[in-house]
Amino acid sequence: MEIWREISDLELQNSVDDVWEVLLRTLSKIGFDYAIYLTINSAGNNTFLRTNIPQVYDLIQVQEEPFFKHCCNSYEPVFTGIEFAAGYDFLMPGEIEFVRQASKATGFISGVALPMRLLGSNRFGGFNIGTSLTKNAFLALVNQRIEMLRFLCLIAHRRIEEISEDQHGEERDFRALLVAPEKANGVQLSPREREIIYLFSQGLSAKECAIACRISHHTIAEYSKNAYRKLGARNRAEAVKKFLALNLSRDEPG
C-alpha cells in the first residue's frame, strides 16, 4: 500500500482530533480496527491518551497498562493482544488476565505495539494497534508492513506533538521534531542527514522529503550528498541500504 497520500493528509491537519480521525481511517483501510495512542513526559506525568476503545481503561489505570509498562522502553515493535500474551514471560498473571478481559470487552485479540520517540521531544510512548484476527491471520496481515505502519504512526505522532506543544514552525529551515532513529551506529550523520536518509528508506522521493521536512528540494540535495559521503555510498539506493544495515541493532529509542 502506498501511503504518501495519507501521510500528506496527516501533515495538513491542524487539530489533534483531525489527525486522529485521519489516522483511524488509514489504519482501517490497512485492516486495523482498534487503536490506542499513549504518551507521557520524561518526568512521568502529563499522560496523553487517544483511543477508539476507551472501555479498556475501565479495567486498568493508564500507567499500569502492559503496553505502556513493557513496550515503551524499547524502539522495537511488540506483538500484543491475547493471541500473543502467552508467549511473553515478562507479563505477570494479573497483566495476562487484564489482556484477556480487554480482548473480551473490545474484540482486540491481536495487534502490534509501536513505540515512539522523537528527537527534540521529551515525551515517549506510542501506539498499540489491533484487530480481531487470529494469530496466524494477523501475522499474514502485517508481514513486511511493520516499517510502513511504524512510519505512518511516527508521522501522526509528530504532528500531534507539534500541535500539542505549538512547535510548528519553530525552526524555519527544518522541522524541530525529527522521526529518524537517533543513532546510526558509528556513522556521524547529523540529525538532519539521518532524517533525510530515513525518509528515503521509507520510499519518499526527494520532492516528498522536501515537503515532509519543510525545506527546499535543493537543501534536500545538499543534506543527502553529505550523507552519501559519510556512508560511503555512491547513490540513494546504496545510502539507504547502508543506513538500514547500521540501524538493524537499535537498542535505544529513536
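What you are looking at is a predicted structure, and each value in this text was computed from that prediction instead of being measured.
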>> Determine whether Thr39 and Phe124 satisfy the following criterion, side chain to side chain contact (heavy atoms under 4.5 Å, CB included), listing intermediate values before the conclusion.
In response: CA-CA 5 Å; Thr39 65; Phe124 68 95; over 6 Å; no

>> Using side chain to side chain contact (heavy atoms under 4.5 Å, CB included), reason through Asp9 and Arg25 one step at a time and then give a plain yes or no.
In response: CA-CA 11 Å; Asp9 201 7; Arg25 288 199 303 268; 4.0 Å; yes

>> Run Gln202 and Glu208 through side chain to side chain contact (heavy atoms under 4.5 Å, CB included) and show every step you take.
In response: CA-CA 11 Å; Gln202 301 306 304; Glu208 290 165 346; over 6 Å; no

> Which is it for Thr131 and Leu141 under the side chain to side chain contact (heavy atoms under 4.5 Å, CB included) test, yes or no, and what are the steps along the way?
Replying inline: CA-CA 10 Å; Thr131 74; Leu141 172 69; 4.0 Å; yes

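Closest non-hydrogen pair, Val19 versus Leu10, comes out as O-CD2, 3.5 Å. Contact detail for Ser110 and Thr134: the closest heavy-atom pair is OG-O, 4.3 Å. Taking both residues in full, the closest heavy atoms of Asn14 and Arg159 are given as OD1-NH2, 3.4 Å, listed atom of the first, atom of the second, then distance. In terms of heavy-atom proximity, Phe151 sits nearest to Ile7 at CE2-CD1, 3.3 Å. Across Lys242 and Leu231, no two heavy atoms sit closer than the pair CD-O, 3.1 Å. Nearest heavy-atom pair, Ile196 versus Ser224, reported as atom, atom and distance to 0.1 Å: CG2-CB, 4.2 Å.
With a 4.5 Å cut-off on side-chain heavy atoms, Leu91 and Pro66 count as touching. Proximity of Leu118 to Val179: side-chain heavy atoms (C-beta onward) are separated by under 4.5 Å at one or more points. Counting heavy atoms from C-beta on, the side chains of Phe84 and Val99 never come closer than 4.5 Å. At a threshold of 4.5 Å between non-hydrogen side-chain atoms, the residues Leu27 and Leu152 count as touching. Counting only heavy atoms from C-beta outward, the side chains of Leu23 and Ile155 never approach each other to under 4.5 Å. Asn46 is listed as a side-chain neighbour of Arg123, based on a closest heavy-atom distance under 4.5 Å. Looking at Asp17 and Glu21, their side chains never come closer than 4.5 Å, going by heavy atoms from C-beta outward. Counting only heavy atoms from C-beta outward, the side chains of Leu49 and Ile36 approach each other to under 4.5 Å.
Other residues, nucleotides and ligands place more than 12 heavy atoms under 6.0 Å from the CD atom of Gln55. Summarising the local packing, NZ of Lys135 is surrounded by 12 or fewer heavy atoms from other residues, nucleotides or ligands at distances under 6.0 Å.
Hydrophobic clustering keeps Val78 apart from Met92 (ILVMFWY residues linked when any side-chain heavy atoms are closer than 4.5 Å, directly or through intermediates). Placement of Ile215 and Leu12 in two distinct hydrophobic clusters is found when ILVMFWY residues are connected by side-chain heavy-atom separations under 4.5 Å, directly or transitively.
Checked by atom type and distance alone, the side chain of Arg175 pairs as donor or acceptor with a backbone atom of Ala212 at under 3.5 Å. Glu64 places no side-chain N or O within 3.5 Å of a backbone atom of Gln61 that could act as its donor or acceptor partner. Arg50 places no side-chain N or O within 3.5 Å of a backbone atom of Tyr37 that could act as its donor or acceptor partner. Between the side chain of Ser8 and the main chain of Trp4, a donor-acceptor pair closer than 3.5 Å is present. A donor-acceptor pair under 3.5 Å links the side-chain atoms of Tyr88 to the main chain of Phe79, judged by distance alone.
Donor-acceptor pairing under 3.5 Å is lacking for the side chains of Glu238 and Tyr228.
Ring centroids of Phe243 and Phe200 are separated by 6.0 Å or more, keeping the two rings apart.
One finds no salt bridge joining Arg192 and Glu195 here, because no Lys/Arg side-chain nitrogen approaches an Asp/Glu carboxylate oxygen to under 4.0 Å. Using a 4.0 Å cut-off between a side-chain N of Lys or Arg and a carboxylate O of Asp or Glu, Arg150 and Glu147 qualify as a salt bridge. Comment: Glu161 does not engage Arg158 in a salt bridge, judged by the lack of any side-chain N to carboxylate O separation of less than 4.0 angstrom.
To the nearest 0.5 Å, the span separating CZ on Phe108 from OG1 on Thr80 amounts to 3.5 Å. Atoms CD and CD1, from Glu162 and Ile160 in turn, are 10.5 Å apart once rounded to the nearest 0.5 Å. Note: Ile82 CD1 to Ile96 CD1 = 7.0 Å, rounded to the nearest 0.5 Å. Between Glu6 atom CD and Glu11 atom CD the span is 13.0 Å, to the nearest 0.5 Å. The distance from the CZ atom of Phe98 to the OG atom of Ser103 is 8.5 Å, given to the nearest 0.5 Å. Interatomic distance, SG of Cys209 versus CD1 of Ile220, reported as 5.0 Å (0.5 Å rounding).
The aromatic rings of Phe127 and Trp20 lie parallel to each other, their planes meeting at an angle below 30°, with 60° marking the opposite boundary.
Under the side-chain contact (heavy atoms from CB on, under 4.5 Å) test applied with Phe48, the options Asn41, Val62, Val16, Ile40 reduce to a single match, Val16.
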